[in-house]
Amino acid sequence: MGEDKHHADYANISSSLSKEETLQHILDSYSALASDTTNWVANLSNCSSLLWHAYHSLNTPVNWAGFYVRSKPEELILAPFQGKVACQIIKFGSGVCGTAASSQKTQLVPDVEKFPGHIACDGETKSEIVVPIVKDGQTLGVLDLDCLDLNGFDKVDQEYLEKLAELISETCDWTKL
Ligand code: SME
């Protein structure tokens with residue numbers, strides 16, 4: 001990092017950027033930050049901050065941005081995030097996160113009320129996207145974004161967030177979960 005650059009600058013994202021440019025900024029910033037450490041807590045913490053600030057710069061009312069990681073063979077536990085307090089444990093196959101974890105497929109949910117079994121950590125959430133983080137065929141965790149608007153996320157978000165999940169899978173040391 002250059003002498004005049006501070007870590008917090010990565011979270012100062014111009015609102016004049018397009019959606020694609022903003023999402024690319026997340027990928028580039030994550031890569032730069034993750035070059036300092038393979039510690040998953042540090043990397044997912046900074047990634048939650050990048051996601052939170054990036055979506056707010058786009059005026060998308062994201063109310064939760066963060067992660068659940070696999071704590072047992074078929075169970076997720078709350079991991080670094082930005083937003084309000086959330087449920088701590090989610091079984092594979094349960095809710096949007098557990099479905100993404102067990103199917104290893106992104107869950108793009110335009111209206112959470114229409115997702116059978118959706119776990120309402122916050123009654124204000126209207127839409128959600130959950131992207132699995134996978135390595136060598138194993139689910140390591142999920143990236144979860146919640147929004148106060150219906151249809152908060154689309155295929156563009158999915159494309160970039162799936163790239164982010166791949167970067168996360170590659171850059172963190174998952175042996176010390
Ligand atoms: N809504 C999620 C639970 C996690 S919170 O949104 C942070 C689900 O249905 O799995």
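One-based numbering, in listed order, for ligands and for the atoms of each.
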>> What I want to find out is whether Lys163 reaches Glu159 closely enough, with some N-O distance under 4.0 Å, to be called a salt bridge.
In response: yes

> With a 4.0 Å heavy-atom cut-off (strictly under), which part of Val96 contacts ligand 1: side chain, backbone, both or neither?
Replying inline: both

>> Quiz question: by atom type and distance under 3.5 Å, do the side chains of Asn59 and Ser15 form a donor-acceptor pair?
In response: no

> Using a distance-only test with no angle check, is there a side-chain donor-acceptor pair under 3.5 angstrom linking Glu162 and Gln158?
Replying inline: yes

> For ligand 1, does Cys121 get within less than 4.0 Å through its side chain, its backbone, both, or neither, judged by non-hydrogen atoms?
Replying inline: side chain

> Between the side chain of Thr106 and the main-chain N/O of Val131, is any donor-acceptor distance below 3.5 Å?
Replying inline: no

> Quick one: do the Gln104 and Thr139 side chains pair a donor with an acceptor below 3.5 Å?
Replying inline: yes

> Quick one: which ligand 1 atoms are inside 4.0 Å of a heavy atom on Asp144?
Replying inline: 4 (C), 5 (S), 6 (O), 7 (C)

>> Please classify the Tyr68 to ligand 1 contact at 4.0 Å (heavy-atom distances, strictly less than): side chain, backbone, both or neither.
In response: side chain

> Under 4.0 Å from any heavy atom of Glu128, which atoms of ligand 1 are there?
Replying inline: 1 (N), 2 (C), 6 (O), 8 (C)

> Counting from 1, what ligand 1 atoms have a heavy atom of Gly95 closer than 4.0 Å?
Replying inline: 9 (O), 10 (O)

>> Any heavy-atom pair between the side chains of Leu145 and Thr60 that's under 4.5 Å?
In response: no

>> With a heavy-atom distance limit of 4.0 Å, tell me whether Asp122 approaches ligand 1 through its side chain, its backbone, both, or neither.
In response: neither

> So which heavy atom in the protein is nearest atom 3 (C) of ligand 1, and how far is it from that ligand atom?
Replying inline: Ile119 O, 3.6 Å

> To the nearest 0.1 Å, how far is atom 10 (O) of ligand 1 from its closest protein heavy atom, and which atom is that?
Replying inline: Cys97 N, 2.8 Å

> Between Thr171 (side chain) and Leu167 (backbone), is there a donor-acceptor pair under 3.5 Å?
Replying inline: yes

> Near His118, which atoms of ligand 1 are under 4.0 Å from a heavy atom of that residue?
Replying inline: 1 (N), 9 (O)

> Can you tell if the side chain of Ile133 reaches within under 4.5 Å of the side chain of Val69, non-hydrogen atoms only?
Replying inline: no

>> Within the 4.0 Å heavy-atom shell around Asp146, which atoms of ligand 1 are there?
In response: 5 (S), 6 (O), 7 (C)

